Amino acid sequence: MDSKSDWHYGKKTKTFLFKRKKNKGSINALNGLKKSIDTDNVEDTVDTDNVDDTVDTVPSPSNILYPKEDEAEAVILEISTSDNLNDTQNDEYLLSGRRIVDIAYFFKSIRRIKHKGFECSFSENMTLVNEKRNGFSSNFVFKCLICGVFENIYSEDPDRKDVYINMAITSAVINTGQGYSQLDEFTAILDMPCYANSSYQKYHEKLYSNLFDASVDETRLAGIEEVKLAIQNGEVDNQGRELVTVVADGALSKRSHKTNYNASSGVASIIGYRMKKCLFMSVRNKYCVICERASNTKQIVREHKCYKNWTSTSTSTESDIIVEGFKES
């Protein structure tokens with residue numbers, strides 16, 4: 001093969017990069033390049049032959065048509081009005097997602113808005129400027145464009161006597177056998193803001209305390225009813241003590257399949273035979289996640305409410321609870 005016809009043996013030429021590409025990344029080089037380009041454009045656009053013609057075409061002050069006074073005021077008013085509208089649109093708070101609202105209280109709060117001395121309308125003169133959320137509860141802050149008064153409209157009455165929305169959500173999650181992970185997923189699908197896990201644990205502890213106090217009161221009332229029925233039926237021993245017939249049962253936290261009795265917790269309850277109401281119930285726990293984590297990491301256990309109350313075998317949890325129930329009867 002002829003070496004001259006083959007490009008491998010031909011003469012090589014060095015190709016320089018384009019000036020813009022070569023100086024890419026250097027700020028000083030780009031600034032200098034910009035100045036040189038602007039200078040070239042100015043030299044190209046200026047035509048010395050047309051300078052005289054351009055000067056001759058400049059109108060004299062007597063030939064300039066000024067707008068009338070009324071037209072000037074109209075233009076100024078139109079411009080100022082458009083600026084105010086833009087400012088109003090920029091100040092408006094944009095909401096997203098869904099909310100849980102006490103609809104009756106929400107509409108009553110809107111109807112109560114009245115500004116003395118001005119005919120302010122909620123639909124025309126009030127704009128949303130902020131939202132303050134506390135879990136599933138929201139406080140919508142509105143501003144009046146006429147008098148500048150701020151109004152707070154809550155998604156539900158903050159002074160309501162019954163169950164608050166955050167406590168109601170936590171109670172619903174617990175009573176359906178769910179947890180925070182399921183609640184977080186549920187609200188995400190609904191495009192609804194959800195409170196944090198720390199808030200959920202706070203409401204969970206408060207709800208547990210309320211449920212425990214309520215359950216103690218109910219079991220005490222159920223015991224009184226069972227005693228009355230036993231007296232009416234003459235079920236009393238020689239010493240005058242009422243003989244209440246009960247049914248007791250217990251369960252472990254997981255199945256043993258008759259071979260693996262290592263459940264971490266057990267529960268048992270005593271039910272009245274006549275009223276079919278719970279007379280006693282208790283739980284035995286062998287495990288606390290906070291204590292166990294501190295033990296594994298060799299750290300000091302932080303202050304917490306520990307539910308670990310059992311160190312013996314798992315199979316003895318049920319019988320121990322039933323014995324405790326009879327002792328307290």
Side-chain angles (χ1 to χ4, degrees), residues 88-115 120-145 148-218 253 265 281 283 285 288-290 293 302-307:
T88 302
Q89 294 176 357
N90 294 332
D91 293 339
E92 186 175 1
Y93 183 83
L94 298 179
L95 289 173
S96 63
R98 296 181 174 92
R99 304 292 187 273
I100 299 177
V101 177
D102 185 352
I103 194 66
Y105 174 80
F106 193 78
F107 283 136
K108 287 181 181 178
S109 300
I110 294 177
R111 288 198 299 267
R112 281 199 296 264
I113 296 178
K114 293 181 181 179
H115 299 162
C120 302
S121 173
F122 180 83
S123 59
E124 297 180 0
N125 306 124
M126 302 293 291
T127 180
L128 181 66
V129 295
N130 194 11
E131 179 194 12
K132 300 176 182 179
R133 290 194 297 108
N134 180 18
F136 289 91
S137 177
S138 296
N139 174 21
F140 303 101
V141 182
F142 290 87
K143 180 181 179 182
C144 182
L145 301 178
V149 176
F150 290 89
E151 296 286 351
N152 295 322
I153 298 180
Y154 297 88
S155 58
E156 69 171 3
D157 187 1
D159 299 326
R160 67 182 301 167
K161 303 296 183 180
D162 56 355
V163 182
Y164 194 56
I165 180 61
N166 294 328
M167 191 68 73
I169 291 290
T170 307
S171 178
V173 172
I174 295 174
N175 285 286
T176 54
Q178 308 299 316
Y180 178 76
S181 299
Q182 289 76 16
L183 175 62
D184 191 23
E185 186 72 19
F186 182 78
T187 54
I189 296 174
L190 293 178
D191 192 15
M192 183 187 302
C194 182
Y195 49 47
N197 188 19
S198 58
S199 299
Y200 173 80
Q201 297 300 332
K202 180 183 68 174
Y203 292 117
H204 187 281
E205 292 292 335
K206 187 181 297 185
L207 183 64
Y208 166 78
S209 178
N210 295 337
L211 290 176
F212 180 79
D213 296 338
S215 63
V216 170
D217 294 338
E218 289 296 325
S253 60
S265 62
M281 191 274 295
V283 180
N285 289 314
C288 175
V289 62
I290 298 177
R293 185 182 296 122
R302 63 179 176 86
E303 184 179 357
H304 67 286
K305 189 172 184 178
C306 185
Y307 294 96

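FYI, the numbering just counts along the sequence from 1. The structure displayed is predicted, hence computed values, not measured ones.
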| said: When you compare the side chain of Cys194 with that of Phe136, does any pair of heavy atoms fall below 4.5 Å? | reply: yes
| said: For the CZ atom of Arg99 and the CZ atom of Phe140, what is their distance to the nearest 0.5 Å? | reply: 6.0 Å
| Check: Asn134 main-chain N/O paired with Asn166 side-chain donor or acceptor under 3.5 Å | yes
| Are any of the side-chain heavy atoms of Glu156 and Tyr164 separated by less than 4.5 Å? | yes
| Exam field: side chain Asp184 to backbone Tyr180, donor-acceptor pair closer than 3.5 Å | no
| task | Report the C-alpha separation of Leu183 and Tyr195 in whole Å, then their side-chain angles, then the decisive distance to 0.1 Å, and conclude whether the side-chain contact (heavy atoms from CB on, under 4.5 Å) test is met. | result | CA-CA 10 Å; Leu183 175 62; Tyr195 49 47; 3.7 Å; yes
| task | Mark yes when over 12 heavy atoms from residues, nucleotides or ligands other than Phe122 sit less than 6.0 Å from its CZ; otherwise mark no. | result | yes
| query | Side chain of Gln182, backbone of Gly179: donor and acceptor closer than 3.5 Å? | reply | yes
| message | Check this for me: Met167, atom CE, are more than 12 non-hydrogen atoms of other residues, nucleotides or ligands nearer than 6.0 Å? | response | yes
| message | Contact between Cys144 and His115 at the side-chain level, heavy atoms closer than 4.5 Å - yes or no? | response | yes
| Heavy-atom distance under 4.5 Å between the side chains of Tyr200 and Val173, does that happen here? | yes
| Point-to-point distance, once rounded to the nearest 0.5 Å, from NZ of Lys305 to SG of Cys288 | 12.0 Å
| Inter-residue atom distance Asn125.CG - Phe142.CZ, 0.5 Å rounding | 13.0 Å
| task | Please report the closest heavy-atom contact between Arg98 and Leu190, naming both atoms and the distance. | result | NH1-O, 2.8 Å
| request: Report the distance from atom OG of Ser121 to atom CG of Leu145, rounding to the nearest 0.5 Å. | output: 11.0 Å
| request: For the pair Ser209 (side chain) and Lys206 (backbone), establish whether a donor and an acceptor sit closer than 3.5 Å, ignoring hydrogens and angles. | output: no
| query | Any donor-acceptor pair under 3.5 Å linking the side chain of Ser109 with the backbone of Tyr105? | reply | yes
| said: A side-chain contact here means heavy atoms from C-beta on lying under 4.5 Å apart; do Ile174 and Tyr208 qualify? | reply: no
| Of all heavy-atom pairs between Glu151 and Met126, which one has the smallest distance, and what is that distance? | CG-CE, 3.7 Å
| query | Does the side chain of Tyr154 come within less than 4.5 Å of Asp159's, by heavy atoms? | reply | no
| task | Please report the closest heavy-atom contact between Thr176 and Gln178, naming both atoms and the distance. | result | O-NE2, 3.1 Å
| note | CZ of Phe186 to OG of Ser181, rounded to nearest 0.5 Å, is 15.0 Å
| Which heavy-atom pair separates Arg302 from His304 by the least distance, and what is that distance? | O-ND1, 2.8 Å
| Would you say the side-chain atoms of Asn285 and Tyr307 include a donor-acceptor pair closer than 3.5 Å? | no
| Roughly how far, to the nearest 0.5 Å, is the CG atom of Asn152 from the CD1 atom of Ile113? | 9.5 Å
